[in-house]
2 protein chains.
Amino acid sequence: MSSITSALGFQLRMLDQLVQRSFQAHFQALEITPTLYAILTLIDANPLCRQTDLSNALKMHQPNLVERVGVLIDRGLIAARADPNDRRANALQLTFAGTHFMDKLNEAHDAHIAEMKSLLGADVYDTLMANLAAPAAG
Amino acid sequence: MSSITSALGFQLRMLDQLVQRSFQAHFQALEITPTLYAILTLIDANPLCRQTDLSNALKMHQPNLVERVGVLIDRGLIAARADPNDRRANALQLTFAGTHFMDKLNEAHDAHIAEMKSLLGADVYDTLMANLAAPAAG
DNA sequence: TATTGTTATACTCTATAACTATA
DNA sequence: TATAGTTATAGAGTATAACAATA
């Protein structure tokens, strides 16, 4: 049976599954998915950001983001308070527990990236990162 | 707001969305999704193949494939008959209508690939295909 | 009038267990 | 006993409409 080697979309999803399996292996003990990690990382780098900022950066729809942010609030990793300049907005920041949790997340992320470089080869990994960055930005 | 440029998985999904939007633009008039196109292409290249062969090649779970194959049978594009050598198996082949339909699909696919090369640049497209092939195969 | 966040909802993809009929 | 196909179902991820509070 011949394969679908000519299909870019198919290849992308195959590699994405490889990445996701590695991510899950390194983060499942922390009960963190790629989306939750991305949200926490962005809040860490952008304290008091709004949910609209997050949905733009992650290209997620607001209703889906609301649910994920709710999970992180329920787990005590982030807190929301009304932005004094715009009372419609939730200003988000890490809690103390969330800040400490980031250390474990960053360790897990380093191990995940190391595994990806090992699986793909560092040269392939770097080439992919360089060539994916431009189209993903546009 | 900083972005998640360092996350391979995020970049892969952004590009995958770009590919899927282009695919949909070229195939929506034919009411064909990437998975349906892949199934038809594989049956065309491998007449009388079994559903197990397809599920392996597409890395799809059998129950999900059954539903997609059913759609193509209902639309009269493929036909299933019991394999005389193994009556458990469905031998799949294109119908006459399906064979003619492949011409339209291949035209749409050519246009889709041309658009992707235009969007990404032919050099980036070729580099991605070359570097995605190895990990996706493993 | 437009925007932030929210609720409810629906559609697709992916995943697993259990069944049937054949081998 | 193992395999091919099927049924039912559950879980993610993604999508849109409509609403309340605020700008």
Side-chain angles (χ1 to χ4, degrees), chain A residues 1 9-10 12-21 23-24 27-28 31-39 43 48-74 78-92, chain B residues 1 7 9-10 12-21 23-24 27-28 31-39 43 46 48-74 78-92:
Chain A
M1 168 70 77
F10 181 76
L12 288 170
R13 265 162 283 153
M14 290 302 98
L15 180 54
D16 191 44
Q17 285 182 12
L18 194 70
V19 175
Q20 287 198 53
R21 278 196 295 272
F23 189 99
Q24 187 180 7
F27 284 84
Q28 66 183 353
E31 296 183 76
I32 288 291
T33 63
T35 301
L36 293 179
Y37 175 67
I39 293 171
I43 295 174
L48 302 182
C49 65
R50 300 170 306 155
Q51 293 184 194
T52 299
D53 299 327
L54 291 177
S55 67
N56 290 336
L58 296 172
K59 299 196 165 72
M60 275 180 72
H61 290 230
Q62 285 258 23
N64 303 323
L65 182 65
V66 166
E67 188 274 339
R68 296 283 82 191
V69 165
V71 166
L72 294 174
I73 291 175
D74 291 345
I78 66 175
R81 61 184 178 119
D83 185 325
N85 299 325
D86 185 345
R87 293 201 320 260
R88 294 173 302 182
N90 280 345
L92 300 173
Chain B
M1 167 70 77
F10 181 75
L12 287 171
R13 263 162 283 151
M14 289 303 99
L15 180 54
D16 190 44
Q17 286 182 12
L18 193 71
V19 174
Q20 287 198 53
R21 278 195 296 273
F23 189 99
Q24 188 181 5
F27 284 83
Q28 66 183 353
E31 297 183 76
I32 288 292
T33 63
T35 301
L36 293 179
Y37 176 67
I39 293 171
I43 294 174
N46 304 276
L48 302 182
C49 65
R50 301 170 305 154
Q51 295 185 192
T52 300
D53 298 328
L54 291 177
S55 68
N56 289 337
L58 297 172
K59 299 198 166 72
M60 277 180 71
H61 290 232
Q62 285 258 24
N64 303 324
L65 182 65
V66 165
E67 189 273 339
R68 296 284 83 192
V69 166
V71 166
L72 294 174
I73 291 174
D74 291 345
I78 65 175
R81 60 185 179 119
D83 185 326
N85 299 325
D86 183 345
R87 293 201 320 258
R88 295 172 301 180
N90 279 346
L92 301 173

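Because the structure is a prediction, the values reported are computed rather than measured. A note on names: the letters A, B, ... follow the listed sequences, proteins ahead of strands, and every chain is numbered from 1.
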Mind checking [X] for me? I need base, sugar-phosphate or nothing, with any heavy atom below 4.0 Å counting as a touch.
X     : answer
B:D83 : nothing
A:N90 : sugar-phosphate
A:Q51 : sugar-phosphate

Could you state the atom-to-atom distance from [atom1] of [X] to [atom2] of [N] in whole Å?
X     : N      : atom1 : atom2 : value
B:E67 : D:dA4  : CD    : P     : 21 Å
A:N85 : C:dT3  : CG    : P     : 19 Å
A:L58 : D:dT14 : CG    : C1'   : 14 Å
A:R13 : D:dG13 : CZ    : P     : 16 Å
A:I39 : D:dG13 : CD1   : C1'   : 13 Å
B:R81 : D:dG5  : CZ    : C1'   : 17 Å
B:Q62 : C:dC13 : CD    : C1'   : 17 Å
A:L65 : D:dA15 : CG    : P     : 14 Å

Can you find a pair of side-chain heavy atoms, one from A:T52 and one from A:Q62, that are under 4.5 Å apart?
->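 When only atoms from C-beta onward are counted, A:Q62 and A:T52 do touch, with a gap below 4.5 Å.
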
When you look at B:L92 and B:D53, which way does the side-chain contact (heavy atoms from CB on, under 4.5 Å) test go after all the steps?
-> CA-CA 10 Å; B:L92 301 173; B:D53 298 328; over 6 Å; no

Quick one: on DNA chain D, does B:A89 or B:Q17 contact a more 5' nucleotide (nearest heavy atom)?
->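 In this pair, the answer is B:A89.
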
Toward the 5' end of DNA chain D, by each residue's nearest nucleotide, A:M60 or A:R88 |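 Result of the comparison: A:M60.
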
Any B:H61 side-chain N or O less than 4.0 Å from OP1/OP2 of C:dA15 |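 Affirmative; the distance criterion is met.
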
Distance test, side-chain N/O of A:T52 to OP1/OP2 of C:dT3, below 4.0 Å |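 For C:dT3, OP1/OP2 do not have a side-chain N/O of A:T52 under 4.0 Å.
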
Residue met sooner reading DNA chain C from 5', once A:D86 and A:N64 are mapped to nucleotides |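 The 5'-side residue here is A:D86.
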
For DNA chain C, whose closest nucleotide is more 5', that of B:T35 or that of A:D53?
->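 The 5'-side residue here is A:D53.
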
Cationic N near anionic O, under 4.0 Å, A:D16 to A:R13 |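 A salt bridge is absent here (no side-chain N lies under 4.0 Å from a carboxylate O).
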
Apply side-chain contact (heavy atoms from CB on, under 4.5 Å) to B:L48 and B:D83, showing your working.
-> CA-CA 8 Å; B:L48 302 182; B:D83 185 326; over 6 Å; no

Options C:dC13, D:dT22, C:dG5, nucleotide nearest the side-chain atoms of A:R87 |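 Closest of the options to the side chain of A:R87: D:dT22.
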
List the steps and the verdict of side-chain contact (heavy atoms from CB on, under 4.5 Å) for B:L18 and B:L15.
-> CA-CA 5 Å; B:L18 193 71; B:L15 180 54; 3.9 Å; yes

